[in-house]
Amino acid sequence: MRIPLLLAALLAAALPVQAEEKALNLYSWSAYIPEQALEGFRKETGILVKYDIFDSSEALDAKLLTGGSGYDVVTPASSGLARAIQAGAVQPVQRERLRHFANLDPELLAKLATVDPDNRYGVPYTWGTVGLGMNREAVTGRIPDAPLNSLDLLFKPEYASRLKDCGIAVIDSPQEVISVALHYLGKDPYSTDKADLEAVQALLGQLQPNIRYVGAGRHINDLAKGEVCLALTYNGDAAIAADQARQAKMPFEVIYRIPREGTLIWFDTLVIPADAPHPEAAHAFIDYMLRPESIAELTNTQFFANANQAATPLLDPGVANDPDIYPSAEVRGRLFGEQILSLREQRTRTRLWTRFRTQY
């Protein structure tokens with residue numbers, strides 16, 4: 001016997017909606033989600049967290065852009081977020097589910113909005129700068145009057161050649177390094193002008209004979225052990241190296257300096273893939289990480305600044321008062337954010353970078 005259409009509809013409405021599985025699949029850098037926060041989230045929500053680790057931005061991009069990753073929350077840099085938005089690989093964040101969104105710094109949200117208009121897709125997690133990490137004693141021993149807070153130290157051969165023997169490393173990040181180099185030359189960091197890009201090619205070309213390697217992550221341990229003395233790197237990586245050197249009681253100090261010429265401000269973001277299997281759990285987790293105590297733990301242990309204004313009173317004074325982690329308003333005014341480049345423009349920069357990488 002067929003059930004009348006209206007009765008069938010009423011019966012269907014009365015059936016319980018299948019609840020989302022209490023699970024969350026994270027994909028992030030190693031030690032990038034604080035253990036206390038993970039445990040607190042699990043206890044409060046009953047959601048079981050599976051935490052997978054990537055070791056390069058390229059690995060994350062591949063998972064995110066290919067689709068079907070099975071992840072609910074990932075942590076791309078702002079450049080990766082821009083590519084994911086262009087590809088339709090991420091879903092908008094439902095702001096009404098984030099009770100703690102108001103904790104975020106409006107100025108930092110505005111800088112991130114250059115790649116994520118209206119902050120629709122990415123929630124800023126950590127931020128910082130690209131600058132100079134160095135072994136102070138090794139550098140000043142070779143160059144007593146070294147301009148420690150200037151990219152001249154890297155890009156001028158009269159300085160870099162004197163540091164070649166103790167080792168110079170450069171992060172393997174074409175979009176970021178090329179933008180910093182353009183800005184150093186007084187150009188638009190996102191210029192597509194052929195002459196500007198040729199000037200960068202020449203600048204990197206004169207650096208090539210003096211560098212030891214281009215890589216991702218390796219320079220952290222090498223700075224801490226004294227195996228390189230200068231690295232163009234992220235502030236957080238330099239801070240981790242400095243902490244490792246202190247704990248090992250090395251006979252030198254690792255320091256970081258924001259270039260006085262200005263530099264790139266980077267963001268890592270919390271993002272929900274378009275096909276996330278547990279979007280409700282994803283929103284719950286992001287909101288949990290917007291609590292001051294959740295994110296303060298990360299900053300205090302990994303030395304990455306966070307975008308959460310309400311977390312500042314919970315930070316260790318040595319971190320909160322470090323001008324190379326939390327720069328002054330004047331210095332922040334000289335920082336430029338990421339911008340969206342077309343796929344063609346990205347490929348042009350990647351080719352430029354490949355020539356640099358294969359010739360040093």
Side-chain angles (χ1 to χ4, degrees), residues 57 60-61 64-65 74-93 95 98 101-131 151 171 173-193 196-197 200 232 234-236 258-259 261-274 286 290 304-309 325-350 352-353:
S57 297
L60 170 59
D61 284 356
L64 192 54
L65 298 179
V74 298
T75 58
S78 42
S79 55
L81 172 61
R83 291 189 288 273
I85 292 171
Q86 287 178 314
V90 291
Q91 61 179 270
V93 172
R95 192 80 59 82
L98 304 181
F101 191 88
N103 289 338
L104 294 170
D105 185 328
E107 180 185 343
L108 296 176
L109 285 170
K111 286 188 180 292
L112 181 58
T114 59
V115 297
D116 180 13
D118 300 321
N119 303 112
R120 291 187 65 213
Y121 294 93
V123 174
Y125 185 56
T126 59
W127 67 277
T129 52
V130 174
L151 288 168
I171 51 171
S173 182
Q175 307 305 332
E176 294 174 332
V177 176
I178 291 170
S179 295
V180 169
L182 280 165
H183 188 266
Y184 171 76
L185 291 171
K187 315 290 187 182
D188 176 355
Y190 301 99
S191 174
T192 59
D193 184 85
D196 290 347
L197 293 175
V200 167
L232 182 67
Y234 307 107
N235 64 295
I258 296 175
E261 297 89 353
T263 190
L264 174 72
I265 180 173
W266 58 263
F267 292 91
D268 280 348
T269 60
L270 298 171
V271 167
I272 305 174
I286 291 173
L290 286 172
F304 289 104
N306 66 71
N308 192 317
Q309 290 178 313
I325 299 176
Y326 284 97
S328 67
E330 178 188 356
V331 173
R332 278 169 65 156
R334 295 197 293 272
L335 305 178
F336 63 88
E338 296 271 7
Q339 287 186 21
I340 298 174
L341 294 170
S342 70
L343 292 176
R344 181 180 178 182
E345 292 162 351
Q346 291 175 39
R347 285 193 293 268
T348 297
R349 291 188 174 208
T350 300
L352 186 159
W353 187 253

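Between the OG atom of Ser78 and the CG atom of Leu264 there is a distance of 6.5 Å, given to the nearest 0.5 Å. Separating the OG atom in Ser179 from the CZ atom in Phe336 is a distance of 5.5 Å, to the nearest 0.5 Å. Rounded to the nearest 0.5 Å, atoms CG (Asn308) and OH (Tyr125) are 11.0 Å apart. Once rounded to the nearest 0.5 Å, the distance linking CG of Leu290 with CG of Leu98 reads 6.0 Å. The OG1 atom of Thr350 lies 5.0 Å from the CD atom of Gln175; values are rounded to the nearest 0.5 Å. Distance check, rounded to the nearest 0.5 Å: OH of Tyr121 to CG of Leu81 gives 10.0 Å.
Here the side chains of Val123 and Leu104 are in contact, with some heavy-atom distance below 4.5 Å. Proximity of Ile286 to Ile272: side-chain heavy atoms (C-beta onward) are separated by under 4.5 Å at one or more points. Put simply, the side chain of Val74 reaches to within 4.5 Å of the side chain of Pro273, judged on heavy atoms. Using a 4.5 Å heavy-atom threshold, the side chains of Asn235 and Trp266 count as touching. A heavy-atom distance below 4.5 Å is found between the side chains of Pro76 and Thr269. Proximity of Tyr326 to Asn306: side-chain heavy atoms (C-beta onward) are separated by under 4.5 Å at one or more points. In this structure, Gln339 and Glu345 have side chains that are not in contact, with every pair of non-hydrogen atoms separated by 4.5 Å or more. At least one side-chain heavy atom of Leu112 sits less than 4.5 Å from a side-chain heavy atom of Pro124.
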Q: Kindly determine whether Leu108 and Ile265 satisfy side-chain contact (heavy atoms from CB on, under 4.5 Å), including the steps that lead there.
A: CA-CA 10 Å; Leu108 296 176; Ile265 180 173; 3.9 Å; yes

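No side-chain N or O of Thr192 forms a donor-acceptor pair with one of Arg344 less than 3.5 Å apart.
Gly236 and Phe304 make their closest contact through CA-CE2, 3.2 Å (heavy atoms, listed as atom of the first residue, atom of the second, distance). Nearest heavy atoms, Ala82 versus Val115: CB-CB, 3.9 Å. Of all heavy-atom pairs spanning Ile258 and Thr263, the tightest one is CG2-CG2, 4.1 Å. Closest of all the heavy-atom pairs between Gln346 and Gln86 is NE2-OE1, 3.7 Å. Residue Leu151 comes nearest to Gly262 through the heavy atom pair CD1-O, 4.5 Å, listed as atom of the first residue, atom of the second, then distance. The heavy-atom pair separating Leu335 from Lys111 by the smallest distance is O-NZ, 3.4 Å.
Looking at Asp105, its side chain never comes within 3.5 Å of a backbone N or O of Ala307 through a donor-acceptor pair. Remark: side-chain polar atoms of Thr114 are paired, donor with acceptor, to backbone N or O of Glu338 under 3.5 angstrom. A donor-acceptor pair is defined here as one N or O able to donate and one able to accept, closer than 3.5 Å; such a pair exists between the side chain of Asn119 and the backbone of Leu109.
With respect to Val200, the side-chain contact (heavy atoms from CB on, under 4.5 Å) criterion is satisfied by exactly one of Leu182, Val177, Val180: Leu182.
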